[in-house]
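Notes to accompany the following structure.
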Amino acid sequence: MDLSRATPSECQFGKTIRELHTTWFADLGPPFGVMYCIMCECVPFQKKRRVVGRVQCRNIKNECPKPTCDDPILLPGRCCKSCPGDPQSPDVPQDHLPQATMPEEEERSKHFAALLTGRTTVMLLRRGDDEAQYATANPQNVIATGRFSFHKKNLYYSFYVSERAGRPRAIQFVHANGNILEEHTLAIAADAGRFSVYQNTTGKVCGVWRRVPREYRRLLRDELVSVVLLWGGGGAAGNRSQLATTELAIAGPVAKYPALAHELFSALLEPASPPTDSPQGGQPSLMMGAGGTAIVSTSSGATSSIHLTIVLNGLFAPDDVMDVPLVVRLETTDRRQLILEDVQRVRKPSHELNVIELSSPVSVNDLRLLTRGKLALTVESRRNPEALRLHGPVRSRVACEIFQTLLTPHGAELRTEATGLAWMYLNRDGALVYHVQTHHLAAAAGLAGPIITLLDDSAKRKPEIETLTVHHHRGGSVAADLTIGGTIERMGPRLLEPLYAGEMTMSVANEQNLTLLHGKFVTRHVADARDTGAPILLQRPDTANGEPAAHGGHAVGLAWMAVDNECNLHYDLSLAGIPSALHPLQLYLEELPLEAPNAPVSRRLLEDFAGNQLEGFALELPARELAKLETSVIYLEVRSNASTGPLLRSKVRSVTRVPHHCTTPGAAGTGGSAAGPSILAHDNEVQQHNYPFLANDLPTGTVAVDHNKCYHANRFYDDGETWRSTIESCTMCSCDARRIKCDPIRCPPLRCRNEDIIQRRGDCCPSCNGELRARHLSTVGLQRQGCVKESKGTKKPAGLSGSKATGSKDELRDEAGSSVGTLRSPQAILAAGGCRYEDQIYENGQEYHPILATHGEEKCIKCRCKDGQLNCNRKRCGTRPPCPRPQSPKRTGLQQQQQPVDECCPCRPTRHHRKRQQTKEQQANVKS
């Protein structure tokens, strides 16, 4: 099975996704820029039963109409000359034309539902060509119910599926004419199952169809789209059933139901009788292919009530054609208490779908049982209740969703650094799972720990709903963080209704009942990034002493991040407390190979944005960068052009799961092969190797990393840097293009008698008795040129130590430059115009050769102290004499006496000398 997404019904031009039927100008990047006479369009293309997008570009210069005025003008960003005020022109992209606003469109078609049973499958997939594509035989009577919700052109879908079926392999959205509009892979790789925390905990199937084309949104609104779930076909649907090896498809129409806007609970109704042959009569079960779903909403208060919208089929006998009575019963799962029972009549039964609606008053205790998952719904035929019955427990609603909030200081005047976040969701048993994470809260909360409370924000007095137990209070220092998690088992309508209505808040207070942190929960659909283990708390990096940061105030952020099966990086960001003056903002992804000093940093710009919400993705990241998400140290940063440093920054502590086929091109997936991003190619993509000049195909937004650094003893060193090894004593190391070279320290020659030479403890080199302790090179930052510039324009040696002073031949001087026996204090030497370098003191006028620990005394460099300024210069070589030609052995000694060798200014090699040197080097290489 290919784990990558099938060819989508959209176009990709470089790194930009384009919707079907949209047009744009080709951006060729520098030096060409945007070519306003080359118009590209994303056109639909029929590929068997699939509708995919394909990019087509053409030159529109010849399509320009003849202007009707005498003096036409060429407006910026246009290809055709036009008359002033003329709006009609072929060089205006369609996606720039006025369109219906998306909020209005979402309001008209935001919530949808589907019931997928054997009977709806036969009705939708009964065409002859579909029979070859789908296996509709459903002996185990597997059914499913789905919910669909639009948000910013994205269609989020959620499903409850029969537990005996396991997880489906794929989902398809099919047009009424049989064309497949979109297909997604739902199977989770074996190595990724533990990372899909929400889906594993809730038992739901979650996903999203991103960037639904405008034409397809119209089809959904007109109820011309069906959804198909697929099992088998080379992918394991589950280990609990025979469906792991059997091909199966179930389908159902996607329709609008008004009750979905207020849904609080859902039910998947399955046949109560076995879907096998009757052992008594030998006749097939009347319930084969039957199923149903319920949309449940409640209201509590002075008059509590419950409203049911039931969609079902299969409860009618062959002779039931008109005004058929059905019994609807809501009772406890142990059948000891009956909540409601009503008879509803179906005027004209349908083989495919039937809708029943009813409302009934209930008690508060009944709603409490409903909230805690203690009730079950039964719908049966009044005439034949034993053979025609649907039954299922009432659970939390189908929609895949979490509830999250940012915790910020309660009031701008509160002097605290504390921030935090919280997120919650309902598990498959209907219990509320909560998680709270705070930063810098211990000092403000007191010794007994904080008090965390859930409040109803819709009421005037904001009554307390629940007080959370602090199970884990980590750390005891001032900067200690708090991480708690738990489950609320015994919920009631007082908690669930404000949670779903977006009116629940969280308060974090101390022992004196002073509110420290406060936040209001918002609902977020679960898909891609939000299906990970935990979000990331983005914190201010520059706070101190409880004062708000200079930029950002009480700023805090919450981020989700994940990599999908298409090898795209998804991120979701929520911010609070950042002033509007700092907008627009940038989100960066920072990578370090190790958490070590001076580590090389690679920073990638994910997106520029404005506002407090960001949901985006990065397409086709290189396999090497994706692998680093699992192996390297990753940071997220929020920056602004108005601030030099990051506004928010945090380390990604949980491992970002990357599918195996994304980091290993050509690696085998589950049941088949899947290619990584480097070898994926579809009809709708304009690849970089075909058009390397495309601006969107260039690796923009990445800050180049210094790859020449060296790693030694838990630290990174820059190229050309030398340092004293902390592993081996008396050893100097240097970094040269990622290669580390370590050599023993070379000690300077001593000008004293042998009996005066001593070896002090802790020193690498011996010294003369009576002299100051020799200091040798602390060469971190040693420059290759030997000297570095001072701010005053003078030069000083980089990483140099004292050496022999150039005084009288018979006069010994110590490291301070004074004659032995006439030592003066360092203050007196400096007052007389002396110089200080590190811990060395030099007298005014003193000259000396510096010492490098790795090279010894540098005789070609002379340093001189003059009036408090230290200058070092390399010996200048004038016209160098030619190197002497090889002489006979008899004259060699004489020649050497006549021409002494100058180590600082070597002779100029002649042509014969160079040739001889090359021959010697070749011979030495051969021997080695």
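- Panel note: side chain S643, backbone G645; a donor-acceptor pair is recorded below 3.5 Å.
- Using a 4.5 Å cut-off on side-chain heavy atoms (C-beta onward), V601 and Y635 make no contact.
- The closest side-chain heavy-atom distance from L569 to L629 is below 4.5 Å.
- For the atom pair L648 CG and I578 CD1, the distance stands at 4.5 Å (nearest 0.5 Å).
- Panel note: side chain Q827, backbone A831; no donor-acceptor pair is recorded below 3.5 Å.
- To the nearest 0.5 Å, atom CG of residue L636 and atom CG of residue L538 are 6.0 Å apart.
- Put simply, CD on E637 and CG on L647 are 10.0 Å apart, with the number rounded to the nearest 0.5 Å.
- When the side chain to side chain donor-acceptor pair (under 3.5 Å) test is applied to K741, no partner is found at least two apart in sequence or on another chain.
- Side-chain contact between I740 and W723 is present, with heavy atoms from C-beta onward closer than 4.5 Å.
- Counting only distance, with no hydrogens or angles, the side chain of R540 and the backbone of A555 share a donor-acceptor pair below 3.5 Å.
- Note: I634 CD1 to M561 CE = 6.5 Å, rounded to the nearest 0.5 Å.
- Using modelled atom types, no side-chain atom of Q539 and backbone atom of T419 make a donor-acceptor pair closer than 3.5 Å.
- In plain terms, the two heavy atoms of P535 and W560 that are nearest each other are CD-CH2, 3.5 Å.
- Residues D719 and K709 are not paired through a salt bridge, judged by the lack of any N-O separation under 4.0 Å between the basic side chain and the carboxylate.
- A distance of 6.5 Å separates OG in S650 from CD1 in I536, rounded to the nearest 0.5 Å.
- Between the side chain of S602 and the main chain of E591, no donor-acceptor pair closer than 3.5 Å is present.
- C747-C765 SG separation is under 2.5 Å; the pair is scored as a disulfide.
- Listed by chain and number, the residues in a side chain to side chain donor-acceptor pair (under 3.5 Å) with N641 amount to none (sequence neighbours excluded).
- H849 places no side-chain N or O within donor-acceptor distance of the main-chain N or O of C863, the cut-off being under 3.5 Å.
- Atom CD of residue E595 and atom CG of residue N714 lie 12.0 Å apart, to the nearest 0.5 angstrom.
- Test Q869, Q846, E847 against R864 for side chain to side chain donor-acceptor pair (under 3.5 Å) and you get one pass: E847.
- Between R739 and D736 no salt bridge is recorded (no basic side-chain N to carboxylate O distance below 4.0 Å).
- Although no hydrogens or angles enter the test, the distance criterion places no donor-acceptor pair under 3.5 Å between the side chain of N612 and the main chain of A576.
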